[in-house]
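The block underneath contains the structure these notes are about, expressed in structure tokens.
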Amino acid sequence: MTDRRPPNGESVLGSCSGCGEEAALRDGLCRDCWYTSEDRPKPVRDRYAKLARLEELGVEPYAYGFDRTHTLPEALAAYEDGGGEEGPQVRVAGRVLSYRDLGGSAFGHVGDRSGRLQVYFKRDLLADADSDLLDLLDLGDWVGVTGPLFRTRTGEVTVRAEQLVLLAKTLRPLPFGKEEITEDGERVVHSGFANPEARYRQRYADLAVNPGVREIFEARAGIVRELRRFLEDRDFLEVETPILQPLYGGAFARPFTTYHNELDSTLYLRIADELYLKRLIVGSLDRVYEIGKNFRNEGIDRTHSPEFTMLELYQAFADYEGMIELAESMVSTAIEKVLGVTEREYEGTLIRLGAPWRRMTYRDALIEYGGVDPLEAELEELRREAEASGRSDAEDLPREKLIDVLFSARVEPHLLQPTVVYDFPIEISPLAKPKRGEPRLAERFEVIAGGSELINAFSELNDPMDQWDRFAAQACARAAGDLEAQPLDEDYLRALEYGLPPTGGLGLGVDRLIMLATGLGSIREVTLFPSLRPDEGAEE
RNA sequence: GACCGGGUAGCUCAGUCGGUAGAGCAACGGACUUUUAAUCCGUAGGUCGUGGGUUCGAUCCCCACCCCGGUCACCA
């Protein structure tokens, strides 16, 4: 595996191979020669030339600010309020989304974060300088417009521009599609910006031209806000714990490793917050939560990202039953507040996120969907079944791993509606308390929804003696080659020795919740800047 | 990591049974003072992902590699 160089171009001082001037060079050219080079796309060269013409006109192409009186949706509403022929005077700002030049006049739309508004430019009404500026306008430019609102012959509320201000000149064409509003009022975009790779790499362009993408991230922000509000209402304290950790734990995953020069020590990016949050419960902060990024050095696919957002919370004096109720209530409340409903179509199925959720034991789930009984099946049978499910190294896996493989392969894909699967095998739950009356099981549940894990929760193991034994078992698994087994955390054991009260804990994959809430089947669609391989040499 | 699909103009795509490529939109020039996928006339725009090979000739066929998507594996 060779390391890749960062995709940054080099900038050096020297003499320009185009004009010979001493300057900062890019590809051997000074800035002026670079932008006018035939290697640039024609639209970029054209727009660069317009900067010089703007300078001749005395127009500053990049403004410092603009006092608007209304956002675009507010301006539309202001006219409805007025109701008369001529509406109020407004000062609005936005990107030029469309432009229809009729000679002596022109129509265009400007757009901002949450709306669009038509602008009518009539040359007779504009100062000469503004009229000249109109000729230099491009799609994508940020402008400010001042004038009264009115309704056109076709009925659209529009600003009649009396003043036009350039706020920022675009040097590169944005990939706008053509928008058609059908008779049903539906918006159809023709030949828009759709290539997923380009959309992820240039998310700024994606957001600028695809309003639906902005809505995804507004919904995401809204849901996270409601999760916070729910927990605040229940007296949870929001905290921040280390991302750089000397030991990693709280999940089974391979970590990213880094190094601190001054401390001369290896550090890991956290794979979970768990062990730090429970230390806080020891410290009498009896209800805590954290929303933040976790990092796992694993594969990337539709439901996995190397960095992802996790909500973890811990509540003293609760057990896993309490966590089930909290999870149902928290998720359905947050989704309902933001979407107005608790259902959404996801991968062709209507997913109902409202409480209560279906419940079944881990054992019943494996019997029903996996065809094996995790408590009774012989090791050989488990090996056969795991192999039948495509696991080639089944010979080398211990019993609990085989069961876990079968759960992932056979059970999870069937659980589309949110399902509380509870009472997990104790061996794969090293931080959970044993189940009362059944020590082979742990008081742990997962919520599976849309075919993948959404929530993981348990009655937290607070017996330091038991935790000592579980760490020891993990150490054995590690010695046997299990790269995901958790290292022994002595400081965490010391914390437990100070006394962890009975505690319920829960982790929720925020990205996956957003996927379900928005109906989008890929974690990349709900991540602003998803992890992609560096795109070397992709300059244009 | 394996397999399948894809990478062609700024964007969305077509195409070449091997003879260096087209459309729509965007751009540029012109006409038009209530348009809204505006319309009309004209112009320009491409190392066909990268590097090799076969060939008189490769965007097309072959090989390798890169990137994206999907499926599987991995990720409790």
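Worth saying up front: this structure is predicted, and the values here are computed from it rather than measured. Below, chain A is the first sequence line, B the second, and so on; all start at residue 1.
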5'-most contact on RNA chain B (nearest-nucleotide basis), A/Gly299 vs A/Pro175, goes to A/Pro175

By nearest nucleotide on RNA chain B, pick out whichever of A/Leu137 and A/Ser98 is the more 5' one.
-> A/Leu137

Nearest of B/rA37, B/rA27, B/rC68 to any side-chain atom of A/Asp46?
-> B/rA27

A/Phe193 side chain: which of B/rA38, B/rU71, B/rU12 is closest?
-> B/rU12

Atom [atom1] of [X] to atom [atom2] of [N]: distance rounded to whole Å?
{"X": "A/Asp39", "N": "B/rG10", "atom1": "CG", "atom2": "P", "result": "12 Å"}
{"X": "A/Glu525", "N": "B/rC68", "atom1": "CD", "atom2": "P", "result": "15 Å"}
{"X": "A/Tyr48", "N": "B/rG10", "atom1": "OH", "atom2": "P", "result": "20 Å"}
{"X": "A/Asp135", "N": "B/rA27", "atom1": "CG", "atom2": "P", "result": "14 Å"}
{"X": "A/Ile300", "N": "B/rC74", "atom1": "CD1", "atom2": "P", "result": "17 Å"}
{"X": "A/Glu179", "N": "B/rA37", "atom1": "CD", "atom2": "P", "result": "10 Å"}
{"X": "A/Phe176", "N": "B/rG10", "atom1": "CZ", "atom2": "C1'", "result": "13 Å"}
{"X": "A/Asp141", "N": "B/rA27", "atom1": "CG", "atom2": "P", "result": "11 Å"}

In residues 361-372 of chain A, which ones come under 4.0 Å of RNA chain B, going by heavy atoms?
-> none

Pair [X] + [Y]: basic N to acidic O under 4.0 Å:
{"X": "A/Arg151", "Y": "A/Glu86", "result": "no"}
{"X": "A/Lys278", "Y": "A/Glu460", "result": "yes"}
{"X": "A/Arg440", "Y": "A/Glu438", "result": "yes"}
{"X": "A/Glu385", "Y": "A/Arg410", "result": "yes"}
{"X": "A/Glu387", "Y": "A/Arg383", "result": "no"}
{"X": "A/Arg123", "Y": "A/Asp135", "result": "yes"}
{"X": "A/Asp138", "Y": "A/Lys169", "result": "yes"}
{"X": "A/Lys401", "Y": "A/Glu427", "result": "no"}
{"X": "A/Glu347", "Y": "A/Arg302", "result": "yes"}
{"X": "A/Arg95", "Y": "A/Asp112", "result": "no"}

Determine the interatomic distance between [atom1] on [N] and the same-named atom on [M]; round to the nearest Å.
{"N": "B/rC25", "M": "B/rC68", "atom1": "P", "answer": "33 Å"}
{"N": "B/rG22", "M": "B/rC65", "atom1": "C1'", "answer": "30 Å"}
{"N": "B/rG45", "M": "B/rG10", "atom1": "C1'", "answer": "10 Å"}
{"N": "B/rG24", "M": "B/rC63", "atom1": "P", "answer": "37 Å"}
{"N": "B/rU20", "M": "B/rC56", "atom1": "C1'", "answer": "15 Å"}
{"N": "B/rC66", "M": "B/rG52", "atom1": "C1'", "answer": "14 Å"}
{"N": "B/rU16", "M": "B/rU59", "atom1": "C1'", "answer": "8 Å"}
{"N": "B/rA14", "M": "B/rG7", "atom1": "P", "answer": "8 Å"}

Would one find a side-chain N or O of A/Arg47 under 4.0 angstrom from OP1 or OP2 of B/rA27?
-> no

Does A/Lys178 place a side-chain N or O at less than 4.0 Å from the phosphate oxygens OP1/OP2 of B/rU12?
-> no

Check every strand shown and say whether [X] touches a base, only sugar-phosphate, or nothing at a heavy-atom separation below 4.0 Å.
{"X": "A/Arg116", "result": "nothing"}
{"X": "A/Tyr200", "result": "sugar-phosphate"}
{"X": "A/Ser408", "result": "sugar-phosphate"}
{"X": "A/Asp138", "result": "sugar-phosphate"}
{"X": "A/Leu532", "result": "sugar-phosphate"}

A/His190 on top of B/rA37's base, within under 5.5 Å and under 30°?
-> yes

Got a donor-acceptor pair under 3.5 Å from the side chain of A/Asp301 to the base of B/rC74?
-> yes

List every contact pair, protein side and nucleotides 47-51 of chain B side both N or O, where the distance is under 3.5 Å.
none

Report yes or no: does A/Ser305 contribute a side-chain atom to a donor-acceptor pair with the main-chain N or O of A/Glu307 at less than 3.5 Å?
-> yes

Describe, in one word, how the ring planes of A/Phe471 and A/Tyr492 are oriented to each other, choosing from parallel (under 30°), tilted (30 to 60°) and perpendicular (over 60°).
-> perpendicular

Apply side-chain contact (heavy atoms from CB on, under 4.5 Å) to the pair A/Phe193 and A/Leu174, showing each step before the final yes or no.
-> CA-CA 9 Å; A/Phe193 188 45; A/Leu174 279 162; over 6 Å; no

What is the base-pairing partner of [N], counting Watson-Crick and G-U wobble geometry with both distances under 3.5 Å?
{"N": "B/rA31", "value": "B/rU39"}
{"N": "B/rC25", "value": "B/rG10"}
{"N": "B/rC61", "value": "B/rG53"}
{"N": "B/rU71", "value": "B/rA2"}
{"N": "B/rU47", "value": "none"}

When rounded to the nearest 0.5 angstrom, what is the spacing between CD in A/Gln202 and CD in A/Glu197?
-> 10.0 Å

Base-contact (B) and sugar-phosphate-only (S) positions in nucleotides 30-35 of chain B, heavy-atom cut-off under 4.0 Å, - elsewhere = --BBBB

Apply side chain to side chain contact (heavy atoms under 4.5 Å, CB included) to A/Ala475 and list each qualifying residue two or more places apart in sequence or on a separate chain.
-> none

Side chain to side chain contact (heavy atoms under 4.5 Å, CB included) filter on A/Arg45, not counting sequence neighbours, yields A/Glu38, A/Arg40, A/Lys42

Enumerate the protein-to-nucleotides 40-46 of chain B contacts in which both atoms are nitrogen or oxygen and the separation is below 3.5 Å.
none

Test A/Ser131 against A/Asp128 for side-chain hydrogen bond (donor to acceptor under 3.5 Å, both in side chains), laying out the working first.
-> CA-CA 5 Å; A/Ser131 192; A/Asp128 288 349; over 6 Å; no

